[in-house]
Every structure is written in C-alpha cells, then in structure tokens.
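Working notes for the structure below.
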Amino acid sequence: MSGSSRLVQLAADGRRAVAIVDEPLLRIIEPHTSAYDLAIDALSAGEPLAAFIRARVGSHSIAYDDVYHGRTNWRFLPAFDHPADPGRCTVSGTGLTHRRSVDTRQSMHGAAADVTDSMRMYQLGLEGGRPAAGAIGATPEWFYKGNGLALHGHGEPLVAPAWAEDAGEEPEIAGAYVIDSKGTPRRVGMAIGNEFADHRLERRNYLYLAHSKLRVCALGPELVLDPDFSDVHGEVAIERDGDVLWSHPIRSGDAAMCHSLQNLEHHHFKYEMHRRPGDVHIHFLGADAFSFGAGIELGDGDIMRIRFDGFGRPLQNPVSFRTGPDTLAQVQPL
C-alpha cells in the first residue's frame, strides 16, 4: 500500500471516520473514527502507530478526488484534533524561526536601520537555538492561538470576525502531539497548516501580536506520521476569481529554521500544564513567506493554497470576512 504513513479525518451526516491515504483512494480504518483514538490505542497496545494502523485498514474506501473537490457528503476535518473535547486541544506556535518572516516583521515595526525586538529574538535563535542533542537552547518566541475550536479542515472557510482589521494566510508546518498516560509528549505527526492572522492589527503595535493570533486556522488535509522535516520546499498562492493573484516559493524544515525542532518542542513542553495526560497540542513552526508581506490585501472569497513537498495534497481554504457592527461582549454578575 502506497502512502501508508498519511492519515485524513472525515465527517459526514453527523459521523466521523479516519482513513489512510492510498492514492487515489482513502481507505477507512475500522472501528476507529479519529486519529486521536488510533494514537491512544496504539500507546495502550505498546505498538508503533504506523504498524497499528496497517493492521486495521478495512475494506471500505472513498475516492480521494471526490472528497477533495467537494463531490460527496464527506468533508475533511482538521488532520488532528481531540474528538471528544476541543477544550483539551491547545493550539499554539513559534514565530521568528525563518529569516524572511523576521524581515517582514522588521519592516512592520521599525525603520530599516532599527534593530527591533523581533530581530533580537531571531538573533538569539541563530546564536543558541540549535543546541547539541540532549542540551537546552535559547528560548524562542511563543504564542497562543486558542483551543480546538480554532481548528478547521481543508476546504472550510476561514472567517475573520467583523471587528478584525485584516486577515491573511501564514503557510506553515504544524506538529501534532498527544500526551501519554505518564505525561510524556508524543509527536503523532505533522501537517500543512494555515496559521491565519490579523497582520494589520499586529502592524499597529507589536504588543498586539497576542490579539492578532487569536483567529481560526486550518490543518491538513493529511497528517504525515513519519515526515522528512530536514528541508521542506513548497509554494503558497492566493487565487481570486479563478486566477492566481500571487504566489511565492516557501521553505521550512530543520535546515530552514534558526531553532531546531528539538529546541522548539522542549520550550513548549517544559511547562507542566502542557503535559496533562490525554491532551492534544497543535504547534505551528513558523512561516517563510506570506502575501501580506508582499502588499497583498485579501478579499472575501479569495482562496489560500499551501503546498509542501512530502506532505500530501495542498491545503486550500477560502477567506471570509464577517460584516456587521461590532457588538459589546457583556459580562453579567451572578
């Protein structure tokens, strides 16, 4: 079976399914209905996840093209999630890992001659972000995006709230993790991600970065269980009315970042609160290029497309801008 290390999660008519990619088919894994359940049961059985999955592939299959192009009731869910409780999924990320994203943020917050805090953070990564195996390196930037309610699948609109100043794609690779019964983080795999943020708000003042990240995001369509993360090349594109408005090559992976994956993972999971057994973590690993940095302003209905070699089919999502007056979020006393 080809593609035996890539999973997708599906939903139709109120039910879920998880399938292994075997182009041009998606082969349903039974009786499991989520990648999370597969990971938990593989841990309990003490088996490698890929072998555990191969032993449970059923006879039912779906044409991948039909799901990918919306010709069936089945739709893609995020490539990994907590199926029972979105509140037990932490979505976070590390920025300033790629030089071109640092240059974009530098241009947003300082004159060409300035050395901004963003550039200082990147320099810390260059100097100490790649420690020897078993050693601890420099602390990277970290941000919180929300819980599992922020996650969306391939094809779903990513909606900017009415009060947002902007919305734009950030093409990244994200790690998907589950915490085992002993509190040890276990990397299940990686997936293409669109981290999606409000760059105009961030540009107004870099202290608004935390607010700018509290937006929805997309993950998938495929979860790669054993990816080659050494040096990953791809492309990001924006389509408008059927035409490519803008595109750019992108690069990620260990060779492209100032921090090693080991160092990023340590500084996320060093916090005890991030090691609660049974929890899920989705952690974005930084972007190389995005349309906002090229002066592109996305419009309602624009399609954001992200591809990385070795990570399956591209992730595509339309952007949607919610309209209407901003409403006060009122707190009522008990």
Side-chain angles (χ1 to χ4, degrees), residues 1-12 16-29 34-35 38 50 53 57 60-81 151-158 169-176 188-196 216-229 231-239 242-253 282 284-285 287-291 302-319:
M1 177 183 295
S2 63
S4 60
S5 61
R6 307 199 310 273
L7 298 178
V8 299
Q9 297 197 114
L10 307 168
R16 292 180 59 123
V18 59
I20 195 166
V21 177
D22 185 24
E23 290 277 15
L25 300 175
L26 300 174
R27 298 193 181 276
I28 303 298
I29 302 166
S34 72
L38 282 168
I53 288 169
V57 177
H60 181 51
S61 63
I62 305 170
Y64 198 161
D65 276 348
D66 287 347
V67 185
Y68 191 78
H69 296 293
R71 298 194 294 258
T72 173
N73 287 341
W74 289 104
R75 62 179 178 84
F76 287 106
L77 294 170
F80 197 68
D81 63 354
L151 293 174
H152 289 66
H154 166 83
E156 286 190 86
L158 298 188
E169 88 294 342
E170 292 204 14
E172 308 187 24
I173 294 173
V188 182
M190 293 181 172
I192 299 173
N194 183 346
E195 196 253 296
F196 201 64
V216 296
C217 57
L219 191 70
E222 303 178 22
L223 178 70
V224 186
L225 304 187
D226 50 357
D228 179 358
F229 192 65
D231 192 4
V232 187
H233 293 257
E235 183 185 61
V236 56
I238 304 299
E239 296 180 3
D243 296 321
V244 176
L245 175 69
W246 173 86
S247 67
H248 202 284
I250 49 178
R251 183 184 178 212
S252 189
I282 303 297
F284 287 89
L285 301 172
D288 183 40
F290 44 94
S291 60
D302 286 352
I303 304 295
M304 303 167 286
R305 186 179 74 241
I306 302 167
R307 175 187 61 79
F308 281 108
D309 297 342
F311 283 77
R313 296 199 185 192
L315 171 64
Q316 294 186 177
N317 299 89
V319 61

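It should be emphasised that the depicted structure is a prediction, and the values quoted were computed from it without experimental measurement. We're numbering straight along the sequence, starting at 1. Computed over heavy atoms, backbone and side chain alike; hydrogens, waters and symmetry mates excluded.
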Are any of the side-chain heavy atoms of L225 and R6 separated by less than 4.5 Å?
no
Under a 3.5 Å threshold, yes or no: a donor from one side chain and an acceptor from the other, between S34 and Q9?
no
For Y68, enumerate each residue passing the side-chain hydrogen bond (donor to acceptor under 3.5 Å, both in side chains) test, keeping only those at least two apart in sequence or located in another chain.
none
Would you say the side-chain atoms of N194 pair up with the backbone N or O of E170, donor to acceptor, closer than 3.5 Å?
yes
Is there a donor-acceptor contact under 3.5 Å from the side chain of H154 to the main chain of Q316?
yes
Taking the side chain from N317 and the backbone from E156, do they hold a donor-acceptor pair closer than 3.5 Å?
yes
Shortest non-hydrogen contact between D228 and V232, atoms and distance:
O-CG2, 3.5 Å
If you measure from CG on D81 to NE2 on H152, what distance do you get to the nearest 0.5 Å?
12.0 Å
Taking all non-hydrogen atoms of both residues, which atom of A35 and which atom of L223 are closest, and how far apart?
CB-CD2, 4.4 Å
Would you say the side chain of W246 lies within less than 4.5 Å of the side chain of V236, judging by non-hydrogen atoms?
yes
Closest approach of C217 to L158 (non-hydrogen atoms, all atoms of both residues)
O-CD2, 3.8 Å
Only pairs under 3.5 Å count here: list side-chain donor-acceptor contacts from residues 72-80, not counting sequence neighbours, and write none if there are none.
from : atom 1 : to  : atom 2 : distance (Å)
T72  : OG1    : W74 : N      : 3.4

Where do P249 and D288 come nearest, in terms of heavy atoms and distance?
O-OD2, 4.1 Å
Residues D231, R251; criterion side chain to side chain contact (heavy atoms under 4.5 Å, CB included); working and verdict:
CA-CA 7 Å; D231 192 4; R251 183 184 178 212; 2.7 Å; yes
Side chain E169, main chain S291, donor-acceptor under 3.5 Å
yes
Heavy-atom closest pair (E222 atom, V8 atom, distance to 0.1 Å) is CG-CG1, 3.9 Å
On a heavy-atom basis, the closest approach of I282 and A174 is CG2-CB, 4.1 Å
